[in-house]
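In what follows, every heavy atom counts, from backbone to side chain, and hydrogens, waters and symmetry copies are set aside.
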Amino acid sequence: MDPTIQMMLQGYIDGLENMKITDDAIRQEVEDYKKELTAFGETQNDAAVFFQNFQDSGLMGKYMDLSTKITLAAQAAESSSGKAEKKPRATPQQWLEPFRTTYDYIKDLPVRERGLAVYRKLFEIGDRHTDITEFLLEVEKENLLWKISSEDTLGIFNITLTGMDPLYKGLTYPIRQNIKAWEESVCEADAYYLQDRLSEDVAKNAPRLLQPEHYVIHLGFHLMVYRGPKGKEGLMDLIASGNCPKIAFMNCASAMAIGKQQARRTLAIIKKALGLTFDDILADEFLKYKLISTANVCGLSRAYVQSNANILDLMADAVHNEIIPDLPLIEAIRREPSVGFGRWRMPEDYETEKAKQLARNIFGNLPYFKYEDQLQNGNIHVGTGEGFDIDPTGGAKH
């Protein structure tokens, strides 16, 4: 067993053993609990997330129930015997020992700050009490054992949200709904219920939020086929070179014909399903970047690198002057673009590397990227981290 986890478990066991157990049935419950606790500890290998798993397993609640049962049974025994025996009882400080061990293990992780604040509140209450019953009553009143788990989770969710493109509703919606569910939860059962409701909500709404993006990505692909190096741009190169083999000409012309029909069909679907025109897409700060060939340069889709700068202008020129008017193929081939000619190409590797560094410089002060290493280490894992774990130079950004 991991030594740190073993030390944590021993703290809980010592807390129970230091309490006066007056009932044989409760004593047996304690022995059974110790075995269950030890078996649980054998399944854990990461001390950083032990307490979260301990809470989720229900063993923390069982510990609280046993502690309260032992205390109440001892008080009842005293009352029935009419004696007020002086006997050693667990103090709040003894009861808090396993919590201090966990706190010391994670206290230097800013990503856990919301949870750490609850630990500090717990310790502050412990410092104010000498009686274990009064201490446990105040802890329960403040709901601190649940808040250790919920606040820790909320902290990580909120930090993760800072790394996401706020315009990317399909990606941020599940996180925002998770935050809402955890904020509304007051106990473990409440959290499970809200999580069930959340899964239904996300299954219903996330695809709807992603639908515009999917349509626009398909439109961009069709426009690339029509206007790109295998379509009109390829034909323009062949004609300009003076060397125009028939098979190469026909391949490019076929790509133009297919790309145009598919683009027209997709534009019609977007108009019917979303009520958006091509100009509406260009006016949308999120959707317009889904039209073009981009490379994600940070793990949570906040920044991209595109190819040449006038791709959107080339697309708009083709859509408004050739595709929507359904210009005959031969006329479209002959027609010169109304914008400056630009190469349609994917970003070069060096451009992508430079863009990753620029993204690092721009967004490095956001909590997610600032503490990404902490989020990625161990089992505290959110996002991919792609792009912020390399060290190129220079850059470009969306």
Side-chain angles (χ1 to χ4, degrees), residues 160-161 163-181 197-228 230-232 255-327 332 337-339 342 344 346-347 383 397-398:
T160 302
L161 194 61
M164 296 179 172
D165 183 347
L167 299 175
Y168 201 162
K169 295 178 182 179
L171 185 65
T172 61
Y173 182 80
I175 298 293
R176 293 185 188 280
Q177 292 303 100
N178 261 291
I179 290 173
K180 182 179 178 182
R197 293 285 301 274
L198 173 64
S199 64
E200 296 175 6
D201 176 76
V202 170
K204 177 182 178 181
N205 290 300
R208 174 181 59 81
L209 293 169
L210 289 169
Q211 189 179 44
E213 173 192 356
H214 292 159
Y215 284 151
V216 171
I217 288 173
H218 282 293
L219 175 60
F221 174 76
H222 299 322
L223 293 176
M224 181 179 70
V225 170
Y226 175 84
R227 181 60 183 77
K230 294 185 178 180
K232 183 170 180 175
M256 285 185 68
I258 293 170
K260 182 176 76 169
Q261 291 308 313
Q262 290 178 327
R264 284 173 60 84
R265 187 180 302 114
T266 306
L267 282 166
I269 292 172
I270 290 173
K271 179 63 177 177
K272 181 177 181 180
L274 308 176
L276 299 177
T277 66
F278 185 76
D279 287 338
D280 292 331
I281 294 171
L282 291 182
D284 188 297
E285 286 300 313
F286 175 74
L287 287 180
K288 71 180 182 182
Y289 287 106
K290 296 301 176 180
L291 275 173
I292 58 181
S293 300
T294 60
N296 186 0
V297 292
C298 74
L300 296 182
S301 298
R302 181 174 273 271
Y304 309 86
V305 60
Q306 68 184 61
S307 52
N308 54 303
N310 67 339
I311 281 185
L312 290 173
D313 294 329
L314 294 172
M315 280 186 170
D317 173 75
V319 168
H320 291 310
N321 296 305
E322 300 172 13
I323 294 173
I324 290 179
D326 201 8
L327 200 66
S338 60
V339 295
W344 193 308
M346 295 295 290
K397 167 207 180 268
H398 116 219

Asker: Could you tell me if the side chain of Asp165 sits less than 4.5 Å from the side chain of Leu171, heavy atoms only?
Answerer: no
Asker: Let me confirm one number: the CD1-OG1 distance from Ile324 to Thr277, rounded to the nearest 0.5 Å.
Answerer: 8.0 Å
Asker: Taking the side chain as every heavy atom from C-beta outward, state whether Asp313 and Asp317 have any pair of such atoms under 4.5 Å apart.
Answerer: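 A side-chain contact is absent here, since even the closest heavy-atom pair is not under 4.5 Å.
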Asker: Say you draw a straight line from NZ of Lys260 to CG of Leu223; how long is it, rounded to the nearest 0.5 Å?
Answerer: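 If I round to the nearest 0.5 Å, the distance is 13.0 Å.
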Asker: I'd like to know whether NZ of Lys288 has more than 12 heavy-atom contacts from other residues, nucleotides or ligands below 6.0 angstrom.
Answerer: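 Count over threshold, so yes.
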Asker: Verify the neighbour count for atom OH of Tyr173: are there more than 12 heavy atoms of other residues, nucleotides or ligands below 6.0 Å?
Answerer: yes
Asker: Enter the distance from Ile179:CD1 to Leu198:CG here, rounded to the nearest 0.5 Å.
Answerer: 11.0 Å
Asker: Considering all heavy atoms of both residues, which atom of Lys232 and which atom of Ala332 are nearest to each other, and what is their separation?
Answerer: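 Heavy atoms only, the tightest pair is NZ-O, 2.9 Å.
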Asker: Please tell me if the side chains of Met315 and Leu282 come closer than 4.5 Å, counting only heavy atoms from C-beta onward.
Answerer: no
Asker: Should Glu322 and Arg227 count as an ion pair when the cut-off is N to O under 4.0 Å?
Answerer: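 Looking at Glu322 and Arg227, the cut-off is not met.
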Asker: If you compare all heavy atoms of Ala316 against all heavy atoms of Phe278, which two are closest, and at what distance to 0.1 Å?
Answerer: CA-CE2, 3.6 Å
Asker: Check whether any side-chain heavy atom of Ile258 lies under 4.5 Å from a side-chain heavy atom of Gln262, and answer yes or no.
Answerer: yes
Asker: Kindly compute the distance separating NE2 (His218) from CD1 (Ile270), expressed to the nearest 0.5 Å.
Answerer: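 Interatomic distance, His218 NE2 to Ile270 CD1, rounded to 0.5 Å: 10.0 Å.
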Asker: To the closest 0.5 Å, what do you measure between CG (Leu210) and CZ (Arg208)?
Answerer: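 One finds 10.0 Å between CG of Leu210 and CZ of Arg208.
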Asker: Could you tell me which non-hydrogen atom of Tyr226 sits nearest to which non-hydrogen atom of Ala318, and how far apart they are?
Answerer: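 Residues Tyr226 and Ala318, closest heavy atoms: CE2-CB, 4.0 Å.
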Asker: What are the two closest non-hydrogen atoms of Arg264 and Ile323, and how far apart are they?
Answerer: NH1-O, 2.8 Å
Asker: So, taking the atom named CG in Leu287 and the one named CG in Leu291, what distance separates them when rounded to the nearest 0.5 Å?
Answerer: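 So the CG of Leu287 and the CG of Leu291 are separated by 8.0 Å.
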Asker: Are Arg302 and Leu167 side-chain neighbours, meaning at least one heavy-atom pair lies under 4.5 Å?
Answerer: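 Sidechains of Leu167 and Arg302: no contact.
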Asker: Please name the residue in the list Leu219, Leu274, Val319 that meets the side-chain contact (heavy atoms from CB on, under 4.5 Å) test with Ile281.
Answerer: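 In the set Leu219, Leu274, Val319, the residue that makes a side-chain contact (heavy atoms from CB on, under 4.5 Å) with Ile281 is Leu219.
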Asker: Relative to Tyr168, does Lys290 satisfy both conditions: NZ or CZ under 6.0 angstrom from the six-membered ring centre, and within 45 degrees of the ring's axis?
Answerer: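 Yes, cation above the ring, under 6.0 Å and within 45°.
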Asker: I would like to know whether Lys271 and Leu267 meet side chain to side chain contact (heavy atoms under 4.5 Å, CB included); could you show each step before the answer?
Answerer: CA-CA 6 Å; Lys271 179 63 177 177; Leu267 282 166; over 6 Å; no
Asker: Looking at Ala255 and Gly231, what are the two nearest heavy atoms and their distance?
Answerer: CB-CA, 4.2 Å
